[in-house]
Amino acid sequence: QVQLVESGGGLVQAGDSLRLSCSASGRTLGTYNVAWFRQAPGLEREFVAALRRSGGYTYYTDSVKGRFTISRDNAKSTVYLQMNTLKPEDTAIYYCAASQTTILSNTRSPGGYNFWGQGTPVTVSA
């Protein structure tokens, strides 16, 4: 079992950048598929980015392509989400997630992940 803790969120202006971190403990992160999701008030939890455990394959929702980058440092048991050119519509609580058994068809689905962090809020003002 792995425990995940997000950090790095905050209040920023449109166009600014943030780097979110998700620190894992309890188990080695290297064997896990990892992902970021976000949830705005009153809305469904939505997929943001994912990184498969093998091959370095990344996946992004269309609205963040070219602006966000997911990466990992297995030696530090940490997954990152670099967010550039932030927009007000990026405002949400951001959650990291992990699973050792995510099938490809569930890469973009919350149901594909069984370990979750507590979330870190990101607010982008216009």
Trainee: Apply side-chain contact (heavy atoms from CB on, under 4.5 Å) to the pair Asp16 and Leu18, showing each step before the final yes or no.
Mentor: CA-CA 7 Å; Asp16 285 353; Leu18 282 174; over 6 Å; no
Trainee: Apply the test side-chain contact (heavy atoms from CB on, under 4.5 Å) to residues Gln13 and Val124: give CA-CA distance (whole Å), side-chain angles for both, the deciding distance (0.1 Å), then the verdict.
Mentor: CA-CA 5 Å; Gln13 294 283 110; Val124 185; over 6 Å; no
Trainee: Quick one: side-chain contact (heavy atoms from CB on, under 4.5 Å) partners of Gln39, sequence neighbours excluded?
Mentor: Arg45, Tyr95
Trainee: Which pairs pass salt bridge (Lys or Arg N to Asp or Glu O under 4.0 Å) with one or both residues in residues 90-117, sequence neighbours excluded?
Mentor: Arg38-Asp90, Arg67-Asp90
Trainee: Is there side-chain contact between Tyr60 and Ile70, with at least one heavy-atom pair below 4.5 Å?
Mentor: yes
Trainee: Can you name the nearest heavy-atom pair linking Ala126 to Ala14, along with the distance?
Mentor: CA-CB, 4.3 Å
Trainee: With sequence neighbours excluded, tell me which residues meet side-chain contact (heavy atoms from CB on, under 4.5 Å) with Ser99.
Mentor: Thr101, Thr102, Tyr113, Asn114
Trainee: How many angstroms lie between atom OG of Ser23 and atom CG of Leu4, to the nearest 0.5 angstrom?
Mentor: 8.5 Å
Trainee: Can you find a pair of side-chain heavy atoms, one from Thr107 and one from Tyr57, that are under 4.5 Å apart?
Mentor: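 No - every pair of side-chain heavy atoms lies 4.5 Å or more apart.
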Trainee: Sort out for me which residue in Val64, Val12, Leu20 forms a side chain to side chain contact (heavy atoms under 4.5 Å, CB included) with Met83.
Mentor: Leu20
Trainee: Can you list the residues that meet the side-chain contact (heavy atoms from CB on, under 4.5 Å) rule with Ser21, with sequence neighbours excluded?
Mentor: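 Counting only residues at least two positions away or on another chain, Ser21 forms a side-chain contact (heavy atoms from CB on, under 4.5 Å) with Ser7, Arg19, Thr78, Tyr80.
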Trainee: Say you draw a straight line from CD of Glu6 to SG of Cys22; how long is it, rounded to the nearest 0.5 Å?
Mentor: 5.0 Å
Trainee: Report the residues that fulfil salt bridge (Lys or Arg N to Asp or Glu O under 4.0 Å) with Glu89, sequence neighbours left out, ordered by chain and then residue number.
Mentor: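 Expected list: none.
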Trainee: Among all residues two or more places apart in sequence or in another chain, which pass the side-chain contact (heavy atoms from CB on, under 4.5 Å) test with Thr28?
Mentor: none
Trainee: Using the ring of each side chain (for Trp, its six-membered ring), is Phe47 parallel, tilted or perpendicular to Phe37, with breaks at 30° and 60°?
Mentor: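 Ring orientation, 0 to 90° scale: perpendicular.
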Trainee: Give, for atom CG of Leu81 and atom CG of Leu51, the distance between the pair rounded to the nearest 0.5 Å.
Mentor: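 Rounded to the nearest 0.5 Å, the CG-CG separation comes to 11.0 Å.
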Trainee: What are the two closest heavy atoms between Val34 and Ala98, and how far apart are they?
Mentor: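 Distance-wise, the nearest heavy atoms are CG1-CB, 4.2 Å.
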Trainee: Just wondering, do Tyr94 and Val48 contact through their side chains at under 4.5 Å, heavy atoms?
Mentor: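 Side chain of Val48 against side chain of Tyr94, heavy atoms only: contact under 4.5 Å found.
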Trainee: Could you go step by step and tell me if Tyr59 and Leu104 meet the side-chain contact (heavy atoms from CB on, under 4.5 Å) rule?
Mentor: CA-CA 11 Å; Tyr59 304 81; Leu104 285 175; 3.7 Å; yes
